[in-house]
Amino acid sequence: MERSWGLPSGPMSLTNADAAHTPEPLDPGAVLRRRFAAAVRAAFPEANLPEPSVTIAQNAKFGDYQCSNAMAYAKALGTGLNPRQVAQAIVERLDLGDLAEPVTAANIAGPGFINVTIRPAALGAKVDAMDVPSLGIEVDADAPVTVVDLCGVNLAKQMHIGHLRSTVIGDTLARVLERTLGAAKVKRQNHVGDWGLPIAMVTAKLMSLEKAGKIDLGAITLDDLDRVYKQAKAECEADVDGLAFALAWGMGPKVEAELEAFNAEPLERSAEARRTLVALQNGDGDVRRVWKRLYDVTMSACLQTCARLNANITEAHSAGESSYEERLAPLVAKLKASGVAVVDDGALVVRLEDAGIAEPCIVQKRDGGFLYATTDLAAISHRVSALGASRIIYCVDARQSLHFRQVFAAARKAGLVPASAVLEHAAFGTILGEDNRPFKSRSGESVRLGDVIDEAVEAARGQLAARSRDLPEAELETIARGVALAAIRYTDLSSERTKDYVFSLQRMVAFEGDTGPYLLYALARVNSILRNAAEQRLASAPTCTIEHAAEKSLALALLRYPACVQDVARTLEPHRLCAYLYELAVAFGGFFEACPVLRAETAERRASRLRLCTMTKRVLTDGLGLLGIPAIERM
RNA sequence: GUCCCGGUAGCUCAGUUGGAUAGAGCAGCCGCCUUCUAAGCGGCAGGUCGUGCGUUCGAAUCGCACCCGGGACGCCA
């Protein structure tokens, strides 16, 4: 699989004493992993055992963390030691310092699980250490430049529901990578479908409409263009297959004549579109002017929709297929000259059998035209050479999986990318309607993204109005937009990326349970405490002291944040961050109920809890930010 | 036909890469607001992890076969 940017878990190096010199991680799990690794090395210095894994205990009665490797080690060692004896040997050499309660034979359970309970005192210090600008998320200074291909709008079309996932998932992955690789290392690329016959077809139609005085290009909207596109497409549709069939099977002059008459108009339109395409490619001034207007109107509207989704996608991130147009012929010539591409049935293809792909990648049609794949190859080349990319992540529908396998393999075969470059398709599933077919409106048209956002805002406004007390109208509107945005993005991000899901506005804008609004609500409740504390001039403590079980759960949840973000960066799976933030919000919910802050029993306890609240606010705000969900003060 | 996804509670989904009694949310039932936002919290109930073999101390997770659903497969993008 391509998706394996992270460190592979190989055998431990016996000489590597890294643990002693690098700073101790905030994440207790990571610290434990190091300590366990050291203990394993000490216990079995001769054996080349895999790294131990220390995971969060599934059941609180076993403690906070557990190591389950003793069973596997016993087998790998082959020394006749049973798993409990192996666990015993590890435990005897385990030094957990003051992080956890001492681990003894009593902590070895079942076949050989080693259970660890974190000390509350150590947790407080860890949370304190997390109170730095990075929140403990380390930036990989050696990271390669990474391109995230996202959004992918097309000229003369409103953004529709099919663009939601590419935009939201792509934007989120970019945000996470910006955090873990450094903002300068991440380059977003909106691959705009602004070229080819369909675009020429609209352009031709626009020109004729303008000539007839039926439209004013200066005042035209994307909705107008959308209509013109559909009209032009319908006018160009010809029963070409039917005619070919009739000719091939000699169905007689009458049938042929009928079909030709039926096809005359569409054929003329298609010819016109092809002429327009040639004129466009040759830089014809008037065609170019109309095309540019088409481009500007579309992009202006689409980028506005992106902004409504809080996706950081601008004109600067957008590269039209047109920008690669002049590179296509040289590229294909090079592929042909080097023998990478060969002629097959009149078309030029790159054979990929040696890469395990039966279907070849077609780079030039029999009629000399270039294809989707050709443009993608040119884009890869550009991204590597001009943008300096060593890694390109394509946030595109899973149905294009074969296409990308072909393009990636062809790019490697042609040497367009260094062998070390990583090309990965961060595929996502389709948004389906209630009928389990790709989501369409009742009339069979694609559902406009702008409409979905409008409906979500309206639903959120209704819910807020029904529940909220005394919010001024203006603030209610702002909050409704924020809640709707949280609902939309969280819904799209919270299930596994590669899976399809059935669209349901009602479920999307639900306020209860595992939803975006619930996370905002948790934040609103923290903010409420902090606001009241500020009004009463109550200060938080410089360090927090963990005493109550709910405080401990909250602290443990907070400390998992940096590892979670790194995990998302490694796997490119945003739903892990969603699940984490939900668990954090749940932990805060328990804390909120069980641990009064402003009315705490002592001033010290109150100050300490205020600090926990501050940290919860920081992590929630930061995590929501990575999901592209702006924080709100109240709701 | 070949290849790629998926199948876990009534519904929508997780499951930390093979660990202990499979977890959440919604829907249902029972409790909790004179106390920091009840959009919440606590509890009950709900399961043949598609089916069958296999691998091993241990399988929702790995392998094989089959069933069901979706998708992609040469000159569209």
Side-chain angles (χ1 to χ4, degrees), chain A residues 9 29 53 55-59 61-62 66 68-69 71-72 74-75 82-83 109-113 115 152 154 193 195-198 321 344-349 356-367 369-373 375-376 397-403 405-406 427 429-430 432 436-437 463-464 466-469 483 494-496 498-502 504 507 510-515 517-518 520-522 524-533 536 560 563-564 567 571 575-576 578-580 582-583 586 589-590 592-600 609 613 634-635:
Chain A
S9 52
S53 62
T55 57
I56 292 162
Q58 281 184 8
N59 191 323
K61 78 174 184 185
F62 297 127
Q66 65 179 44
S68 322
N69 291 81
M71 287 76 85
K75 183 171 186 186
N82 70 44
F113 296 102
N115 295 321
N154 300 299
W195 209 245
L197 197 56
E321 293 183 311
D344 183 358
D345 197 17
L348 202 58
V349 307
I357 305 171
E359 300 85 350
C361 181
I362 304 178
V363 294
Q364 189 172 27
K365 294 192 283 184
R366 196 183 312 191
D367 67 5
F370 303 121
L371 296 113
Y372 188 42
T375 309
D376 266 324
D397 193 299
R399 286 171 293 188
Q400 296 194 28
S401 149
L402 175 60
H403 165 73
R405 284 179 59 218
Q406 290 176 315
T430 308
L432 305 173
N436 272 342
R437 311 293 307 168
Q463 296 242 39
L464 287 166
R467 295 166 200 262
S468 75
R469 302 98 32 211
V483 168
S494 60
S495 67
E496 211 180 328
T498 53
K499 286 189 175 176
D500 298 348
Y501 69 85
V502 175
S504 158
R507 218 181 318 118
F511 278 39
E512 300 85 13
D514 187 4
T515 64
Y518 172 82
L520 288 182
Y521 183 68
R525 295 211 291 178
V526 188
N527 284 335
S528 178
I529 294 174
L530 294 173
R531 218 169 30 238
N532 289 332
Q536 297 171 37
R560 282 166 47 208
C564 174
D567 195 36
T571 60
H575 78 281
R576 294 168 186 253
C578 293
Y580 165 78
Y582 176 66
E583 283 163 27
V586 167
F592 185 90
E593 296 292 328
C595 303
V597 178
L598 301 178
R599 291 175 181 75
R609 287 176 179 173
C613 287
R634 74 182 94 217
M635 68 185 279

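Chain naming here is simple, since letters A, B, ... match the order of the sequence lines and numbering starts at 1 in each.
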Identify, between A:I529 and A:S401, the residue whose nearest nucleotide on RNA chain B lies closer to the 5' end.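 Comparing both residues, the 5'-ward one is A:S401.
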
For the OG1 atom of A:T430 and the CG atom of A:N436, what is their distance to the nearest 0.5 Å?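 It comes to 11.0 Å.
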
For the residue pair [X] and [Y], what are the closest heavy atoms and their distance?
X: A:N115; Y: A:Q66; result: OD1-CB, 3.6 Å
X: A:A373; Y: A:H403; result: CA-CE1, 3.7 Å
X: A:D500; Y: A:G429; result: OD1-CA, 3.2 Å

Does OP1 or OP2 of [N] have a side-chain N or O of [X] closer than 4.0 Å?
X: A:R467; N: B:rG40; value: no
X: A:R525; N: B:rA38; value: yes
X: A:K499; N: B:rG70; value: no

Can you measure A:L432 atom CG to B:rG71 atom P for me and round it to whole angstrom units?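 Answer to the nearest Å: 9 Å.
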
So [X], base contact, sugar-phosphate only, or nothing? Heavy-atom distance under 4.0 Å.
X: A:C578; result: nothing
X: A:P517; result: nothing
X: A:R437; result: sugar-phosphate
X: A:A398; result: nothing
X: A:Y518; result: sugar-phosphate

Can you tell me how far [atom1] in [N] sits from the matching atom in [M], rounded to whole Å?
N: B:rC13; M: B:rU8; atom1: P; answer: 9 Å
N: B:rU61; M: B:rA27; atom1: C1'; answer: 29 Å
N: B:rG40; M: B:rC67; atom1: P; answer: 45 Å
N: B:rU48; M: B:rG71; atom1: P; answer: 29 Å
N: B:rC32; M: B:rA60; atom1: C1'; answer: 36 Å
N: B:rA39; M: B:rG25; atom1: C1'; answer: 14 Å
N: B:rC57; M: B:rU12; atom1: C1'; answer: 36 Å
N: B:rG46; M: B:rC29; atom1: C1'; answer: 11 Å

Closest approach to the side chain of A:S495, judged atom by atom: which nucleotide of B:rG40, B:rG74, B:rC13 is it?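 Nearest listed nucleotide: B:rC13.
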
With the side chain of A:M635 defined as its heavy atoms from C-beta on, choose the nearest nucleotide among B:rA39, B:rG71, B:rU35.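 Within the option list, the nearest is B:rA39.
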
Do [X] and [Y] touch side chain to side chain, with heavy atoms closer than 4.5 Å?
X: A:I362; Y: A:D344; value: no
X: A:V597; Y: A:C613; value: yes
X: A:I529; Y: A:R609; value: no
X: A:Q463; Y: A:V483; value: no
X: A:K365; Y: A:F370; value: no

Under-3.5 Å N/O pairs linking protein and nucleotides 15-24 of chain B:
{"from": "B:rG15", "atom 1": "OP1", "to": "A:H575", "atom 2": "NE2", "distance (Å)": "3.0"}
{"from": "B:rA20", "atom 1": "OP2", "to": "A:Q58", "atom 2": "OE1", "distance (Å)": "2.3"}
{"from": "B:rA20", "atom 1": "OP2", "to": "A:Q58", "atom 2": "NE2", "distance (Å)": "3.3"}
{"from": "B:rA20", "atom 1": "N7", "to": "A:Q66", "atom 2": "OE1", "distance (Å)": "3.1"}
{"from": "B:rA20", "atom 1": "N6", "to": "A:Q66", "atom 2": "OE1", "distance (Å)": "3.0"}
{"from": "B:rA20", "atom 1": "N6", "to": "A:N115", "atom 2": "OD1", "distance (Å)": "2.4"}
{"from": "B:rA20", "atom 1": "N1", "to": "A:N115", "atom 2": "ND2", "distance (Å)": "3.4"}
{"from": "B:rU21", "atom 1": "O4", "to": "A:K61", "atom 2": "NZ", "distance (Å)": "2.1"}

Anti or syn - B:rU17, cut at 90° from 0: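 Base orientation relative to the sugar is syn.
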
Where does B:rC33 land, syn or anti, given syn is within 90° of 0?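 Here B:rC33 takes the syn form, which means its glycosidic angle is within 90° of 0.
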
Does the gap between the ring centers of A:Y518 and A:Y582 come in under 6.0 Å?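 They qualify: ring centres under 6.0 Å apart.
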
Any chance you could encode RNA chain B as dot-bracket? Rule is Watson-Crick or G-U wobble with both distances under 3.5 Å; [ ] for pairs crossing earlier ones, | for another strand. (((((((..((((.....[...)))).(((((.......))))).....(((((..]....))))))))))))....

N/O to N/O distances under 3.5 Å, protein versus nucleotides 75-77 of chain B:
{"from": "B:rC75", "atom 1": "O2", "to": "A:R366", "atom 2": "N", "distance (Å)": "2.7"}
{"from": "B:rC75", "atom 1": "N4", "to": "A:D345", "atom 2": "O", "distance (Å)": "2.7"}
{"from": "B:rC75", "atom 1": "N4", "to": "A:D345", "atom 2": "OD2", "distance (Å)": "3.0"}
{"from": "B:rC75", "atom 1": "N4", "to": "A:R366", "atom 2": "NH2", "distance (Å)": "3.2"}
{"from": "B:rC76", "atom 1": "OP2", "to": "A:K365", "atom 2": "NZ", "distance (Å)": "3.0"}
{"from": "B:rA77", "atom 1": "OP2", "to": "A:Y372", "atom 2": "N", "distance (Å)": "3.4"}
{"from": "B:rA77", "atom 1": "O3'", "to": "A:E321", "atom 2": "OE1", "distance (Å)": "3.2"}
{"from": "B:rA77", "atom 1": "O3'", "to": "A:E321", "atom 2": "OE2", "distance (Å)": "3.4"}

